[in-house]
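Have a look at the structure below, then the notes.
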Number of protein chains: 2
Amino acid sequence: MELKLINARYLDTDTMSIKSGDIGIDKGKFVSVGSASDHEADRVIDIKNNLVIPGFNDAHTHSPMVFLRSYAEDLPLDRWLNEAVFPHEAKLTAEDNYILTQLAVCEYLSSGITSCFDMYYFPDAMAKAFKETGFRCVFCGALNNFSESLEKLEDYYIRFNSYDPLISYKLGFHAEYTTSRELMEGIAQLAHKYKAPVWCHNSETFSETKDCIGRYGMTPTELMDSIGLFEYGGGGYHCVYLSENDLDIFSRKGLTAVTNPASNAKLASGIADLVKISEKGINLAVGTDGAASNNALDMFREMYLACVLQKLKYNDASAMNAEYILRAAIVGGAKAMGLENCGNISEGMNADFAVIDMTRPNMQPENNIIKNIVFSGSKENVIMTAVGGRILYEKGEFFIGEDLDYLYRKTSEICERIFSE
Amino acid sequence: MELKLINARYLDTDTMSIKSGDIGIDKGKFVSVGSASDHEADRVIDIKNNLVIPGFNDAHTHSPMVFLRSYAEDLPLDRWLNEAVFPHEAKLTAEDNYILTQLAVCEYLSSGITSCFDMYYFPDAMAKAFKETGFRCVFCGALNNFSESLEKLEDYYIRFNSYDPLISYKLGFHAEYTTSRELMEGIAQLAHKYKAPVWCHNSETFSETKDCIGRYGMTPTELMDSIGLFEYGGGGYHCVYLSENDLDIFSRKGLTAVTNPASNAKLASGIADLVKISEKGINLAVGTDGAASNNALDMFREMYLACVLQKLKYNDASAMNAEYILRAAIVGGAKAMGLENCGNISEGMNADFAVIDMTRPNMQPENNIIKNIVFSGSKENVIMTAVGGRILYEKGEFFIGEDLDYLYRKTSEICERIFSE
């Protein structure tokens, strides 16, 4: 086999329990888990009783938006969008996105994230970046009234679902408030043609939801459901303002709610009701959103916020629990993204994993390892991240086939060009 | 000189701007800042254009509570306190606190924290731990109806204010709801005798504040002020439920409000109104609180939450700003703790500093370095922490005079003993 992890503890996400044993990896997959293996391996890594976890699946992001990190913060949402985001985004080129995507990949890896569900533009350039770095990406269509088209969406859908084992593509559009009913109906036809799930931003802000009700007499979820967008599943990003009926639609149609607590906090959008989502048995996934609105691509931050903001929302310290959220960040994301072979450390699954350093002070004592990860874990604890059995990050160094200094210099040039125009 | 940092950028907290130059350190203090220095140094460190910041001053904590990290989370506040915290705390020995304090020091250092304002028991054992590790601590008296006494408080005050240059002691008590009026009056007498500020937990929860009004017809702040506790300043920890009149008292008496956003979120206490505190010109400091209620001793988490929770509270993405919060975490804390010689990198100040690695993906691009630190910074960025010119943490290693494995083993033994009883 290619790789053997010895003296490991690992998280079993089926039982959400910590187990011990060796882990064998070959051809990108876990081939033996738990039992000591006598097979020779090209490389043997002593995990030294640290913790191997399945990689986090970041279920909503816009990778190239790293260029806007800290560019224009602490502004009201409308000024931030109209003055800081939209005019500058419009200047991005495919080559820019190729560079910026690689920078985002480094940040994901440093947080133990092994895949992302990415909605943005120039997917060819981005797919090249993901493939070259070795990172797993599920694209989501970004169609709206101002860019892309149904033809392009279908073309992307076909091409990127047979592009590379690391890449796949889901039908999707930006949001109800940026997409005409005709376009949504066209997407529904594609969904039926390909028996495919559909994704979009959904009920992120109060005004988005209110305006949709004003336009259509229905919430975004009700509208999309009525158009037939969810006949083959899918889900929504943010889901801050889902009504009871929306939640029932999510439940009935087997949709996933992706929560983005850091983005929703920073942009003052609100706090999604994860307690209700959990009670309704709706699949929950966790996403960072883009760096423009977060500002970090850090799953530890998201998990922590996903838990504690519920406690504030419900004025109840017992609201929400760490285990549920950790599972959402790993298994919920994999399920949302159609990554059936990701999300657990078991034989036959993709060897997407991170190693958590349990010897840092913030992980001690080990009263409860899962709570330690969610409530005190941080990027300092990630000492290795691997996708499909390839180690892309180890002890602070990146092995993505590109030099970091080069990426930083190019990113800086992109920012200089775009912000000075 | 002892130490010279070359090719450095550094944060000037007077102007909240980033400057460049060399930094010379001798006898625990900054002796030359900004200009290239020809002086020989025992050790020269190339900062490689990374960022030197004055260390964070953690203005409220209970260091030994690390033993309770992740012990009993996601419980309602009263059950958590009465079942998880109080009965187990009661079993701690001085020797336990000596070990646990050292573990906490490691965690502070890994987050760039160089001093803490600590309220707990067995200060002799804790002072020994702080002194031996080389960490700066300002103790706050923990007097209440159930432990300590006025005599002990005065004894501690005298002894620990001449114990070691790293250690000082402030008059204080646990909180109004655990301390009789007679005891508070006794503390007020000590405050007058020593012309000393007084500190305590203040208005942390809604019920604490309501009950105090029920008992005395006054808020905790009004009561304490009426007793004469604040004639020489001081302040309160948490300050979630300050009334307009309380804020005016804080302003008039020059008190400091210490905010503990992570603890207040996790225990569902609420969100302190930092916007009003800022508008009233009240000194704001930032604290982690103990690991039992946080669960991390991480100033990056606190700063991030201090900012974004205001945005949620006010439903306004422009509420609160990064610069104000970063300054509070450094200068506000130093001012609160009476550390007049901490909080800036300038000649004659104590050489308490941290080095922020700007070459990590989360710090790129550098559109705004201060916003990067507050909104995307994490412990992964701290590559060095020094107190009084002594480097106690460097590239993941701790130089505190004690072996980490030993501390972890002893901590685990303490937990085993206490939780199995």
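So you know, we letter chains A, B, ... as the sequences are listed, proteins then strands, and number each from 1. When reading the values below, keep in mind they use all heavy atoms of this one structure, side chains included, and skip hydrogens, waters and symmetry mates.
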### Query
So which part of A/Tyr71 gets closer than 4.5 Å to some heavy atom of chain B, the side chain, the backbone, both or neither?
both
### Query
Under 4.5 Å between any side-chain heavy atoms of B/Tyr408 and A/Pro361, yes or no?
yes
### Query
Is the number of heavy atoms from other residues, nucleotides or ligands within 6.0 Å of NZ (B/Lys48) greater than 12?
no
### Query
Most heavy-atom pairs under 4.5 angstrom with chain B, which of A/Phe67, A/Tyr304, A/Trp80?
A/Tyr304
### Query
Quick check: are there more than 12 heavy atoms from other residues, nucleotides or ligands sitting under 6.0 Å from NZ of A/Lys91?
yes
### Message
Is B/Ala291 close to chain A through its backbone or its side chain, or both, or neither, when contacts mean heavy atoms under 4.5 Å?
### Response
neither
## Note on the structure
The interface call for B/Phe206 against chain A, heavy-atom contacts under 4.5 Å, is neither
### Query
Under a 4.5 Å heavy-atom cut-off, does chain A meet the side chain of B/Phe398, its backbone, both or neither?
side chain
### Task
Could you tell me which portion of B/Leu297 (side chain, backbone, both or neither) has an atom closer than 4.5 angstrom to a non-hydrogen atom of chain A?
neither
### Message
Which atoms of A/Ala104 are under 4.5 Å from chain B, going by heavy atoms: the side chain, the backbone, both sets, or neither?
### Response
neither
### Query
What part of B/Ser111 is in contact with chain A, defined as an atom under 4.5 angstrom from a non-hydrogen atom: side chain, backbone, both or neither?
neither
### Query
For chain B, which of A/Leu100, A/Val382, A/Leu103, A/Asn295 has the most heavy-atom pairs under 4.5 Å?
A/Asn295
### Message
Which one wins on heavy-atom pair count under 4.5 Å against chain A: B/Asn294, B/Asn362, B/Asn368, B/Leu305?
### Response
B/Asn362
### Query
Do any pairs count as a salt bridge (charged side-chain N to carboxylate O under 4.0 Å, His left out) and have a residue in residues 299-328 of chain A, sequence neighbours left out, and if so which ones?
A/Lys311-B/Asp74
#### Entry: Side chain / backbone / both / neither for B/Tyr314 at chain A, heavy atoms under 4.5 Å
neither
### Query
Does the pair A/Thr359 and B/Asp405 meet the rule for a side-chain contact (heavy atoms from CB on, under 4.5 Å), with working shown?
CA-CA 8 Å; A/Thr359 71; B/Asp405 287 341; 5.7 Å; no
### Query
Side chains of B/Cys415 and A/Asn367: closer than 4.5 Å at any heavy-atom pair?
yes
## Note on the structure
In terms of heavy-atom pairs under 4.5 Å with chain A, the winner among B/Val308, B/Thr411, B/Leu109, B/Leu312 is B/Leu312
### Message
Need one label for B/Leu309: side chain, backbone, both or neither, based on atoms under 4.5 Å from any heavy atom in chain A.
### Response
side chain
### Query
Side chain, backbone, both or neither: which part of B/Leu404 has a non-hydrogen atom closer than 4.5 Å to chain A?
side chain
### Message
I need the B/Lys379 NZ to A/Arg360 CZ distance, nearest 0.5 Å.
### Response
7.0 Å
### Query
Heavy atoms, side chains only, cut-off 4.5 Å: are B/Ser378 and A/Glu380 in contact?
no
### Message
Given heavy-atom pairs under 4.5 angstrom as the criterion, report whether the side chain, backbone, both or neither of A/Leu407 touches chain B.
### Response
neither
### Message
To the nearest 0.5 Å, what is the distance between CG on A/Asn315 and CG on B/Leu267?
### Response
11.5 Å
#### Entry: Pick from B/Ala262, B/Ala296, B/Gly377, B/Pro365 with the largest number of heavy-atom pairs that fall under 4.5 Å of chain A
B/Pro365
### Message
Under a 3.5 Å cutoff, is there a donor and acceptor pairing between the side chains of A/Asn372 and B/Ser70?
### Response
yes
#### Entry: Student check: side-chain heavy atoms of A/Ser412 and B/Glu366 closer than 4.5 Å
no
### Query
Where on B/Cys106 is there a heavy atom nearer than 4.5 Å to chain A: the side chain, the backbone, both, or neither?
both
### Message
Shorter than 4.5 Å, heavy atoms on both sides: which option in A/Gly396, A/Ser110, A/Ala265 has the most such pairs with chain B?
### Response
A/Ala265
### Query
In terms of heavy-atom pairs under 4.5 Å with chain B, which of A/Gln310, A/Gln364, A/Glu416 leads?
A/Gln364
### Interface moiety of B/Asn264 toward chain A, non-hydrogen atoms closer than 4.5 Å
backbone
### Side chain / backbone / both / neither for A/Phe300 at chain B, heavy atoms under 4.5 Å
neither
### Query
Checking B/Phe375 against chain A: side chain, backbone, both or neither under 4.5 Å from a heavy atom?
both
